[in-house]
Amino acid sequence: MSKSQSMSAQSKSLKITADEIWKNKVEKVNSELFNLTYGSIVSQLCIDYNRDFNKVNEQLYSMGYNIGVRLIEDFLARTALPRCENMLRTSEVVSKCAFKIFLNITPNVTNWSQSQDAFSLILDENPLSDFVELPMDAMKKLWYSNILCGVLKGALEMVQLDCDVWFVSDILRGDAQTELRIKLNKILKDEIPIGED
């Protein structure tokens with residue numbers, strides 16, 4: 001079996017695993033309730049920070065980071081997947097498995113850069129932005145779904161991958177597509193906390 005055939009088989013296996021978990025092991029929440037709740041959070045942050053959208057973006061990222069740090073344990077428990085051996089495999093697991101299990105979407109992996117260990121996720125659909133239209137003053141500054149970047153950053157960090165995660169474009173801001181970019185900075189060492197043996 002060639003390397004590309006092996007990668008294709010692994011990719012199909014991830015998709016089957018994620019579909020099975022989504023169907024049988026995930027408690028579902030009404031998507032409209034989910035959207036309205038998230039929209040209320042973003043709206044309240046805009047009020048709290050007097051429409052300083054840079055601060056709102058930071059807060060959404062921070063909230064997402066805290067969610068990702070905890071969510072990775074649930075993901076690993078549900079999937080029992082082994083550690084990814086490279087960023088290519090990581091991109092497949094994030095795209096085909098993680099997004100499917102938690103948001104029931106499968107972003108496309110594109111713009112792969114082997115030299116930089118970076119890739120993009122194109123979200124053809126974004127459940128966070130359903131029924132959303134940004135006001136004019138927010139269109140160029142607010143990354144409405146920035147919580148997703150924080151979730152990915154936190155989750156990847158917990159599996160020893162220090163990554164930068166950011167939005168490149170968003171349909172809500174008038175762009176042609178919604179694109180997230182993930183770039184590996186370094187692999188963190190497994191370290192025992194000071195004072196524990």
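Please read all numbers here as calculations on a predicted model, not as lab measurements.
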Practice task
Tell me, with the steps shown, if Val42 and Val132 meet side-chain contact (heavy atoms from CB on, under 4.5 Å).
Solution key: CA-CA 11 Å; Val42 175; Val132 175; over 6 Å; no

Practice task
Could you check if a side-chain atom of Asn104 sits within less than 4.5 angstrom of a side-chain atom of Phe99, using non-hydrogen atoms only?
Solution key: no

Problem - Side-chain heavy atoms of Phe119 within contact of Leu88, under 4.5 Å - result: no

Exercise for the section: Could you label the plane-to-plane angle of the Phe167 and Trp143 rings as parallel, tilted or perpendicular, counting under 30° as parallel and over 60° as perpendicular? Expected result: parallel

Handout entry: side-chain contact (heavy atoms from CB on, under 4.5 Å) evaluation trace for Arg78 with Ile101
Key = CA-CA 9 Å; Arg78 287 175 196 250; Ile101 291 171; 4.2 Å; yes

Problem - Donor-acceptor pair, side chain of Ser40 and main chain of Leu36, under 3.5 angstrom - result: yes

Exercise for the section: Measure the shortest side-chain to side-chain distance between Val151 and Met63 over non-hydrogen atoms and say whether it is less than 4.5 angstrom. Expected result: no

Exercise for the section: Indicate yes or no: at least one non-hydrogen side-chain atom of Arg51 is less than 4.5 angstrom from one of Pro135. Expected result: yes

Exercise for the section: Keeping the roles fixed (side chain from Asp175, backbone from Asp170), state whether a donor-acceptor pair exists under 3.5 Å. Expected result: yes

Problem - Minimum side-chain heavy-atom gap Asn111-Arg181 below 4.5 Å - result: yes

Exercise for the section: Please step through side-chain contact (heavy atoms from CB on, under 4.5 Å) for the pair Val159 and Phe75, ending with a clear verdict. Expected result: CA-CA 11 Å; Val159 291; Phe75 175 77; over 6 Å; no

Problem - Side-chain heavy atoms of Asp124 within contact of Asn108, under 4.5 Å - result: yes

Exercise for the section: Tell me who clusters with Val168, hydrophobic residues only, linked when side chains sit under 4.5 Å apart either directly or through other members. Expected result: Trp166

Handout entry: Presence of salt bridge, Lys183 and Asp117, under 4.0 angstrom
Key = no

Practice task
Look at the side chain of Lys141 and the backbone N and O of Asn54, then say whether any donor-acceptor pair between them is shorter than 3.5 Å.
Solution key: no

Problem - Common cluster, Leu128/Ile67, ILVMFWY with side-chain heavy-atom separation under 4.5 Å - result: yes

Exercise for the section: Could you tell me the separation between the CG atom of Asn57 and the SG atom of Cys149, rounded to the nearest 0.5 Å? Expected result: 9.5 Å

Problem - Side chains of Met87 and Trp112 in contact at under 4.5 Å (non-hydrogen atoms) - result: yes

Problem - Donor-acceptor contact present, side-chain Ser43 to main-chain Gly39, <3.5 Å - result: no

Handout entry: Minimum side-chain heavy-atom gap Leu188-Leu161 below 4.5 Å
Key = no

Practice task
Go through Lys55 and Asp48 one step at a time and tell me if the salt bridge (Lys or Arg N to Asp or Glu O under 4.0 Å) criterion holds.
Solution key: CA-CA 10 Å; Lys55 288 183 180 176; Asp48 291 349; over 6 Å; no

Handout entry: Approximate separation, where rounding is to 0.5 Å, of Tyr49 OH and Gln44 CD
Key = 11.0 Å

Exercise for the section: Inspect the surroundings of CD1 in Ile41 and state if more than 12 heavy atoms from other residues, nucleotides or ligands are less than 6.0 Å away. Expected result: yes

Exercise for the section: Please list, chain by chain and in numerical order, all residues satisfying side-chain hydrogen bond (donor to acceptor under 3.5 Å, both in side chains) with Tyr65, sequence neighbours excluded. Expected result: Glu157

Problem - Polar side chain donor-acceptor pair, Thr178 to Asn126, under 3.5 angstrom - result: no

Problem - Separation of Cys163 SG from Leu184 CG (nearest 0.5 Å) - result: 5.0 Å

Practice task
Would you check, one step at a time, whether the test side-chain contact (heavy atoms from CB on, under 4.5 Å) holds for Arg173 with Leu142?
Solution key: CA-CA 8 Å; Arg173 294 174 64 147; Leu142 178 65; 5.9 Å; no

Problem - Gln177 atom CD, neighbour heavy-atom count above 12 within 6.0 Å - result: yes

Handout entry: Verify same cluster id: Ile171, Leu60 (apolar side-chain graph, 4.5 Å)
Key = no

Handout entry: Gap between atom NZ of Lys189 and atom CD of Gln160 - 0.5 Å precision
Key = 12.5 Å

Exercise for the section: Decide salt bridge (Lys or Arg N to Asp or Glu O under 4.0 Å) for Arg70 and Asp74; before the verdict, give the C-alpha distance in whole Å, the side-chain angles of both, and the deciding distance to 0.1 Å. Expected result: CA-CA 7 Å; Arg70 289 163 182 79; Asp74 184 48; over 6 Å; no

Handout entry: Rounded distance [0.5 Å steps], CD1 in Ile122 versus OG1 in Thr106
Key = 14.0 Å

Handout entry: Distance in Å, Leu121 CG paired with Ser91 OG, rounded so as to fall on 0.5 Å steps
Key = 7.5 Å

Problem - Minimum-distance pair of heavy atoms, taken over all atoms of Leu81 and Cys97 - result: CD1-SG, 4.2 Å

